[in-house]
Number of protein chains: 2
Amino acid sequence: MSQKLSPVEALDLWQRVCVASVRQDVPDLSARQMALLLTVYLTPPPHTVRGLAGILNVSKPAVTRAVDRLGELGMVKRKVDEYDRRSVLIQRTVKGSVFLREFGDTIVAASAPSSDVNSD
Amino acid sequence: MSQKLSPVEALDLWQRVCVASVRQDVPDLSARQMALLLTVYLTPPPHTVRGLAGILNVSKPAVTRAVDRLGELGMVKRKVDEYDRRSVLIQRTVKGSVFLREFGDTIVAASAPSSDVNSD
DNA sequence: AGACTTTGTTTCAGTATCGTATCTATTTAC
DNA sequence: GTAAATAGATACGATACTGAAACAAAGTCT
C-alpha cells in the first residue's frame with residue numbers, strides 16, 4: 001500500500017534531501033534541469049526536445065539549453081532519430097544512471113532519519 | 001511505523017513533483033535556493049547568513065545572493081539582529097508560507113498517484 | 001582609545017540562463 | 001520540383017549567478 005505522507009513530513013523530507021544534495025559537489029541543477037533529467041530516465045522513450053518542452057511546459061530553446069547543460073555534465077546524450085532526421089532523441093547515459101541511483105539513495109536515507117544517527 | 005520507500009519509488013516521486021512544479025508559473029529555483037528556503041522555514045531560528053552558509057556548505061556571498069533573490073520574490077525577508085547588529089536574521093514571510101504549503105500539497109498529491117482524480 | 005575579529009555586502013570578470021525571433025535542416029504536400 | 005510545415009538550434013539583448021577578494025559596519029579585547 002502507498003504510505004501516507006503529511007504535508008509537513010513531505011516538506012521536511014524535501015528539505016533534508018535538498019540540503020544533503022547541495023552539500024555535495026553535485027552541480028547546482030535548477031528545478032527545470034532536474035525535472036528534465038528525471039523525466040528522461042523515468043518515463044518511456046523516445047524523448048524529443050518538443051516532447052519534453054510540452055511535458056515541462058517550457059519553450060524549446062529552454063529544453064535545448066537544459067540538454068546542453070546536462071550533456072556537458074555527461075548526464076544525457078543526443079542522438080538523431082533515424083526515422084525522422086529532424087528529431088533529436090535525448091537518451092540516458094551511464095553517468096546519469098549512477099547519479100540518479102545515488103540521488104535515490106539520498107532520498108531514501110532522508111526519508112528514514114530515525115534509523116541511525118549518522119548525519120555527516 | 002515509518003514507511004519504506006524504495007529508491008525507484010523515491011525517484012519517481014521526485015520526478016512527478018519536479019515536473020508538476022516546473023509546469024506552474026513558479027519561479028525556477030535552483031537546488032540551493034530551495035534548500036535555503038526550506039531550511040529557513042523548517043528548522044528553528046535564528047537563521048543568519050553565516051549559519052546558512054555552513055548548513056548548505058556554500059560561500060557567504062552565495063547565501064546573500066539567494067536571500068536577495070528569495071527576498072525579491074517575497075519568500076523571505078531580512079531583519080537586523082537587535083542584539084548583534086552585525087548579524088542579519090533571515091525570516092519567513094506570509095507569501096513564503098503560502099508557497100511552501102502549496103508545495104507540500106504538491107508533494108503529497110504526487111506521492112498518492114492512485115487517487116488520480118485529474119492530472120491537470 | 002586603538003587594534004583586532006566577526007558579519008554581511010559589494011565588486012569584479014566570467015559564465016549560465018532567459019524568452020523572442022530567426023535560422024538551418026528535414027520532411028511533407030502539391 | 002517547388003512551397004509549406006515541422007524540429008531543433010542559434011542569435012540576441014537582458015538578467016542572474018559564480019567564487020575570490022575587498023569592503024563597511026559592528027562588536028570585542030586590552
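Below, chain A is the first sequence line, B the second, and so on; all start at residue 1. Bear in mind the structure is a predicted one, so any value in this text is a computation, not a measurement.
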Walking DNA chain D from its 5' end, the first of A:Ser87 and B:Ala62 to be reached, judged by nearest nucleotide, is A:Ser87
For the side chain of B:Glu72, counting heavy atoms from C-beta on, which of D:dA16, D:dT10, D:dA7 is nearest?
D:dA16
Nucleotide C:dG19, atom C1' - distance to CG of A:Asn57 in whole Å:
14 Å
Between C1' of D:dT18 and CG of A:Leu29, the distance in whole Å
15 Å
Nucleotide C:dC18, atom P - distance to NZ of A:Lys60 in whole Å:
16 Å
Looking only at heavy atoms, what is the nearest atom pair of B:Thr93 and B:Gly74, with distance?
OG1-O, 2.6 Å
Scan A:Asp84 against the nucleic acid and name what it touches under 4.0 Å (heavy atoms): base, sugar-phosphate only, or nothing.
sugar-phosphate
Quick one: B:Glu82 CD to C:dT7 C1', roughly how many Å, whole number?
17 Å
Nearest whole angstrom, please: distance from the P of C:dT15 to the CG of A:Asp68.
16 Å
Is the shortest side-chain N/O distance from A:Thr64 to OP1 or OP2 of D:dG8 below 4.0 Å?
no
Thinking salt bridges, do B:Asp105 and B:Arg101 make one under a 4.0 Å N-O criterion?
no
Heavy-atom pair of closest approach, residues B:Thr48 and B:Ile90:
C-CD1, 3.9 Å
Expressed in angstrom and rounded to an integer, what is the separation of A:Arg69 atom CZ from C:dC18 atom P?
11 Å
To the nearest Å, give me how far apart CZ (A:Arg78) and P (D:dG8) are.
10 Å
Side-chain N or O of B:Arg65 versus OP1/OP2 of D:dA16: is the shortest distance under 4.0 Å?
no
Protein-nucleotide distance (A:Leu56, atom CG; C:dG19, atom C1'), rounded to Å
16 Å
Looking at every non-hydrogen atom in both residues, tell me the closest pair between B:Val19 and A:Thr39 and how far apart they are.
CG2-OG1, 3.4 Å
Side-chain N,O (B:Arg32) to OP1/OP2 (D:dT18) below 4.0 Å:
yes
B:Thr48 near the nucleic acid: base, sugar-phosphate alone, or nothing, with a heavy-atom cut-off under 4.0 Å?
sugar-phosphate
First encountered from the 5' end of DNA chain C, between A:Val58 and B:Arg50
B:Arg50
Check this for me: does the side-chain of A:Arg86 come within 3.5 Å of the base of D:dT6 through a donor and an acceptor?
yes
Please tell me if A:Gln33 has a side-chain N or O lying less than 4.0 Å from either OP1 or OP2 of C:dA16.
no
Can you check whether any acceptor in the base of C:dT26 is under 3.5 Å from a donor in the side chain of A:Arg85, or vice versa?
no
Hey, which sits more toward the 5' end of DNA chain D by its nearest nucleotide, A:Ile90 or A:Asp28?
A:Ile90
Would you call the rings of A:Trp14 and B:Trp14 parallel, tilted or perpendicular, taking 30° and 60° as the class edges?
parallel
